[in-house]
Amino acid sequence: MASPTSSNPAHAHFESFLQAQLCRDVLSSFQGLCEALGLEPGGGLPLYHKIKAQLNYWSAKSLWAKLDKRAGQPVYQQGRACPNTKCLVVGAGPCGLRAAVELAMLGARVVLVEKRTTFSRHNVLHLWPFTIHDLRALGAKKFYGRFCTGTLDHISIRQLQLLLLKVALLLGVEIHWGVAFTGLQPPPRKGCGWRAQLQPSPPAQLSNYEFDVLISAAGGKFVPEGFTVREMRGKLAIGITANFVNGRTVEETQVPEISGVARIYNQSFFQSLLKATGIDLENIVYYKDDTHYFVMTAKKQCLLRLGVLRQDWPETDRLLGSANVAPEALQRFARAAADFATHGKLGKLEFAKDARGQPDVSAFDFTSMMRAESSARVQEKHGARLLLGLVGDCLVEPFWPLGTGVARGFLAALDAGWMVKRWAEGAGPLEVLVRDLYDVAAKEPVQRKSDKIDTGKPATGAADTQEELLRWCQEQTAGYPGVHVTDLSSSWADGLALCALVHRLRPDLLEPSELQGVGAVEAAARALKVAEHELGIAPMLPAQAVVAGSDPLGLIAYLSHFHSAFKNMTPRPGPASQTSPGTPNAVLFLGKLQRTLQRTRAKVEESRGPGDLCALCGERLYVLERLCADGRFFHRSCFRCHSCEATLWPGSYAQHPEDKHFYCLQHLPQPDRKEDIMDGDSETLELPAAGENSTPPGPSAPAAPQEGPRQPTRRLIRLSSSERQRLSSLNLTPDQEVEAPPKPPRSCAALARQALEGSFVGWGIPAQSPEVLVAMEKEEESPSSSEEEEEEEEEPIDSDLEQALMTLAKTSGTMNKYPTWRRTLLRRAKEEEMKRFCKAQAPQNSRRNCAWWRRRRSS
């Protein structure tokens, strides 16, 4: 801080300029600084050098060092990159001010107009790392001491505007407040320049200002005439922003910020919020800066239930219009959500005031985003050209949950500076608008840590550009007679270059005698086939397309596979320098091939070749979805097994030589099986008549020769997946000859008649009379449910039955060994019943399992 008794008033004005927190204070203090130094505000970059030369103040030296370091970058050329360029910037938002600073550092004269007179936007912006470094290089820490000192990297829009405004004033940007841009005024005659239509009546100096470049940063609602804007809309999502006064008390500083809480990650928090306050949110964010800033996404039904929205309208503009939003209910909603999110530690939440003096709380639809189809255009009239560019929300409105607004805006401002620099260098409109955007990306790739430093030699890595691929192909085909590779399309039309490439990589795969007297299409096809079967490089286009040059993209992709496979191979000497015995043969066969092609080359159809269509479905084939098999091209989704319809992959399929269909290796028909199925004379395939025995005759009864007409041969029927599924779900009745499985008995009496007879044989007695079985049945009709019931005294039975049971027990010795002989006989009967039941169910379970397995495979 300057001493109050300082003899230099410029020092005090500079300190006031650094510490000013209001727009009018910044302007008044800077005006006083210029008057104390005897300077006039504006005028471009020379003003900065004059202030730095005259203000020899210790507090300013660190700021001068920051700005000098930034302006010393080579791209700015010491402020002489755009010395005679005049620019007009519309809008003093963060992006407009950043664009003005960039243009001023390039040496252009910059005039900025802003319809507002104050900075009143309290909303807080998330800062990405590169934006933080960019602002620090402009001296942000000197103007705003709390810049990025908290736990989260953010800054309020008002503070960011103040910071950039101070930098722009020091760099000589001329700023006019309370002036609205309404349109362009074309030059009336030759020799005049473009002017701006401004309201209200601007000063004469501004109204007569002629400029070469117009940068619009006035927001998404204002786009200059001539630009096409389209709306990108998603599902309705209502955002609510609220700013509360930050008293900067000890309790408020201890409240932690919320970087972003979403329902899908913390459901318990939002359920507790709904239970306590009735507020239903999707997410909430809390930043602490000049104000306590909250932003949240609320559900429409919740807003209707709590009275924030008076009525539900299908139109978004009408739903969130001022007439349909209750201000008091909206304030209660925002205050309750903020109080719950901070556990009531912020105390009494008082709303900050906006530019109109109203509580700073609002509801908006953030899923409606405007995007311009182009970022720049050029207008010309009477020989005067005007370059127009868009930055910030005027170019593309951000999706606020991602926090990319200021990041994209700064990048757009830097792009605009590069465009103006090229415009000042005399580049044509097309070079400025189109060419540079792609040449920079192709010729100046980003240097990564893993990239090797360029030593001027051809790279040996992957072919990142077409130039590198072309250079590699030229090196591999050099020295072959008649082969001159100058591009990646027409130079390969005769098939010579492709044959030379294969021969250079593997000389043993192509014999000169095999290619003598062949045409261009056949030569290209031979090279494609050899590369596929011997080198493992699947063709991505047919030979006809190579010769016709109708698919340059497919050819580039195909040659890229060669480069990737053989990039690390030691280069072989060219044919001209080879001394091996096979060299003359290679030169001879290529020379003969060239002469043969010149005589027999036929005109290739310019229409779509067969390789552009799928061999199965007949639809259009693109490069990335092509799959070649047996010289034909298929969609990857169409290339399936003819039997099970599973997708086929290289090495897992084969083609049947007879039906020419492709099968997976599991379902490929074997030759012996095919012969058995297709041969109609085989006796094993003859169906027996309805009443005949299906078993083959034995040796003692040879089959009689058949008389009458010969039966037609049986054909193998192939079913699709849907047909197999329907067939497996049918209820087929068994043949009459097949005996149905026995059903399990439902009563113990029926079981005893079948099972106890065999069970008692082991006890040394013959089969018993029916009286015994009837007695067993009567005992079963009153079964016991627990051990206590079994121990109860049994009811007396008929004397005849009692005598029969006693005879049975005495004969077998059961009465002496087992006092509970009645219960023992019953238990044995139940065991036999279970055995019979399981045996009867086994065939049925097997059939059910087979049917279930067939349905599962078909699905």
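Model, not experiment: these values are computed from the prediction.
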Rounding to 0.5 Å, atoms CG (L470) and CG (L559) come to a distance of 9.5 Å
Distance check, rounded to the nearest 0.5 Å: L496 atom CG versus T477 atom OG1?
10.5 Å
After noting the C-alpha distance and the side-chain angles of W492 and V483, does the key distance pass the side-chain contact (heavy atoms from CB on, under 4.5 Å) rule?
CA-CA 9 Å; W492 307 81; V483 178; over 6 Å; no
Can R263 and D280 be said to form a salt bridge (charged side-chain N to carboxylate O under 4.0 Å, His left out), step by step?
CA-CA 10 Å; R263 175 182 290 271; D280 196 3; 2.3 Å; yes
K299/E282 salt bridge by N-O under 4.0 Å criterion:
yes
Can you name the closest pair of heavy atoms from C499 and A523 and give their distance?
SG-O, 3.7 Å
Are the side chains of N283 and L281 in touch, meaning some heavy atoms are under 4.5 Å apart?
no
Rounded to the nearest 0.5 Å, what's the gap from CG on L665 to SG on C641? Could you check?
9.5 Å
Using a 4.5 Å cut-off on heavy atoms from C-beta on, say whether the side chain of I238 contacts that of F366.
no
How about L498 and Y558: do any of their side-chain heavy atoms sit closer than 4.5 Å?
yes
Between V485 and C473, the two heavy atoms sitting closest are CG1-CB, 4.5 Å
Is there a side-chain contact between P398 and M369 in this structure, where contact means two heavy atoms from C-beta onward sitting under 4.5 Å apart?
no
Taking R504 for its side chain and A478 for its backbone only, find out whether a donor-acceptor pair lies under 3.5 Å.
yes
Distance-only, no hydrogens or angles: does the N266 side chain make a donor-acceptor pair with backbone N or O of F270 under 3.5 Å?
no
Can you check whether M370's main-chain N or O pairs, donor with acceptor, with E397's side chain at less than 3.5 Å?
yes
Restricting to non-hydrogen atoms, name the atom on T486 and the atom on Q474 that form the minimum distance, rounded to 0.1 Å.
CA-NE2, 4.1 Å
Report the distance from atom CG of L395 to atom CG of L411, rounding to the nearest 0.5 Å.
11.0 Å
Pairwise distance NE2(H484) to CG(D494) - rounded to 0.5 angstrom:
10.0 Å
Considering only NZ, NE, NH1 and NH2 on the basic side and carboxylate oxygens on the acidic side, decide whether K300 and D365 come within less than 4.0 Å.
no
Taking side chain as C-beta onward, heavy atoms only, is I556 less than 4.5 Å from L469?
yes
Does Q476 use its side chain to pair, donor to acceptor, with the backbone of L501 at less than 3.5 Å?
no
Given ring-ring contact (aromatic ring centres under 6.0 Å, His included), test F662 with F639 step by step and report yes or no.
CA-CA 8 Å; F662 291 95; F639 193 56; 5.1 Å; yes
Out of curiosity, H642 NE2 to C664 SG, how far, rounded to the nearest 0.5 Å?
12.0 Å
